[in-house]
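Here's the structure, in structure tokens; my notes come after.
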2 protein chains.
Amino acid sequence: MRQELERLKELSLAEHLARLHRRWRTVAEIELAPLGLTYPRWTALWKLLRLGDKVSQKVLANALEIELPSLMRTLGQLEEQGLIERHCCDKDKRARIVALTPAGKETLKTIETRIIQVRMDLLEGISPTELNEFERIISLITDNANQKLAKITSTDL
Amino acid sequence: MRQELERLKELSLAEHLARLHRRWRTVAEIELAPLGLTYPRWTALWKLLRLGDKVSQKVLANALEIELPSLMRTLGQLEEQGLIERHCCDKDKRARIVALTPAGKETLKTIETRIIQVRMDLLEGISPTELNEFERIISLITDNANQKLAKITSTDL
DNA sequence: AGAATATAGTTAGCAAGCTAAGTATTGTAC
DNA sequence: GTACAATACTTAGCTTGCTAACTATATTCT
């Protein structure tokens, strides 16, 4: 009986995780929408600044923890909005270097306080210790998943 | 300086959460794919069983923490596969009652051990106490997000 | 009872992640 | 130095979440 309840709970974990992910995104989206920025767009901008403004698309995708094709669409939109530029790279002609435009930097300044406010609101009532622990468990489960994925794909050969 | 680092970390939290969500789904998907079941399909089947087999679409959507239109597509696929049926409800002619077919029940038996195995693998190395704490923080952030959403949408009126 | 509102379901179409497959360039191994 | 492998990008198309707008039924308020 207790075992049955545990099973139920464990199934819910994945669902709760999914729900939290969607809600977080929705909140962030609503806050930044008036500026014409969706969630993937402003996280890309933000991350680009943190990485030092001029990086390859590959590096940016890795930092954002998404695949290159997923990033492509977003960068296309940001380019159209005039917030970023994509240059050729002299050292590696395959690569394209992404850089913030002046307009992009200006926009980032405007949204910074909003982004920080959203985070503070969502993490209200959680101590730094709890947050660290939370991050640790996320990493642990992610590692487990990655290991399992590696095992599965290798045996598929 | 330290404050700057904290900000970086907090931005990452949302991304780590998103990544974990995608990895979890991917692992589950690969394990169940040979049976013709994607993640939303088998979670719907599973949840349906836990809810007692005969419930309205609305109730099932709530339990799965997704919106009705999202569920519709999945139920359509499961119906086509002959794993569920949708009946009219006598008491409320708007509602449609979802029920497992014998084939659906049979399939559930087959996948049950696999589902439980995936969960155990992903949660390996995490104590029940840690897991409870993890769930608690998820709920807390989700509540914060919901409150913020409620506030935003109400002031929009 | 009749009008206004709310609810369950449905349809249509958007968003943003993914994989698979293709191209151009680079790096590596004889 | 030439052939093979790996890398960075791109394109095309799938998936499954969502919201908006619609219908049919149920509920609530005078």
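Throughout, protein chains are lettered first and strands after them, A, B, ... in sequence-line order, and every chain is numbered starting at 1.
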Task: For atom CG of A:L17 and atom P of D:dG17, their distance in whole Å - done: 14 Å
Open item on the list: What is the distance, to the nearest angstrom, from the NE2 atom on A:H21 to the P atom on D:dC18?
Closed with: 11 Å
- [ ] Report the distance from atom CD of B:E29 to atom C1' of D:dC14, rounded to the nearest whole Å.
- [x] 11 Å
- [ ] Quick one: label B:R19 by what it contacts on the DNA or RNA (base, sugar-phosphate, nothing), any heavy atom closer than 4.0 Å.
- [x] nothing
Task: B:M72 CE - C:dG13 C1' separation (whole Å) - done: 15 Å
Task: Contact state string [nucleotides 17-26 of chain C, B base, S sugar-phosphate only, - no protein heavy atom under 4.0 Å] - done: BBBB---BBS
For a quick test of your reading: what N or O donor-acceptor pairs under 3.5 Å do the side chains of residues 76-83 of chain B make, sequence neighbours left out?
unit_1	atom_1	unit_2	atom_2	d
B:Q77	OE1	B:R41	NE	3.1
B:E79	OE1	B:R86	NE	3.2
B:E79	OE1	B:R86	NH2	3.1
B:Q81	OE1	B:R41	NH1	3.3
B:Q81	NE2	B:G36	O	3.0

Task: Gap separating the CD1 atom of B:I138 from the CZ atom of A:R19, nearest 0.5 angstrom - done: 9.0 Å
Task: Length of the line joining A:L37:CG and C:dA15:C1', which is rounded to integer Å - done: 15 Å
- [ ] Taking side chain to side chain donor-acceptor pair (under 3.5 Å) as the test, write out the residues that go with B:E124, two or more places apart.
- [x] none
Open item on the list: If the condition is side chain to side chain donor-acceptor pair (under 3.5 Å), which residues does A:R25 pass it with, not counting sequence neighbours?
Closed with: none
- [ ] Please name all residues satisfying side chain to side chain donor-acceptor pair (under 3.5 Å) with A:R136, sequence neighbours left out, ordered by chain then number.
- [x] A:E133, B:E130
Task: Contacts of type side chain to side chain donor-acceptor pair (under 3.5 Å), residue B:E85, not counting sequence neighbours - done: B:H87
Open item on the list: Output the rounded distance in Å from CD (B:Q57) to P (D:dT23).
Closed with: 19 Å
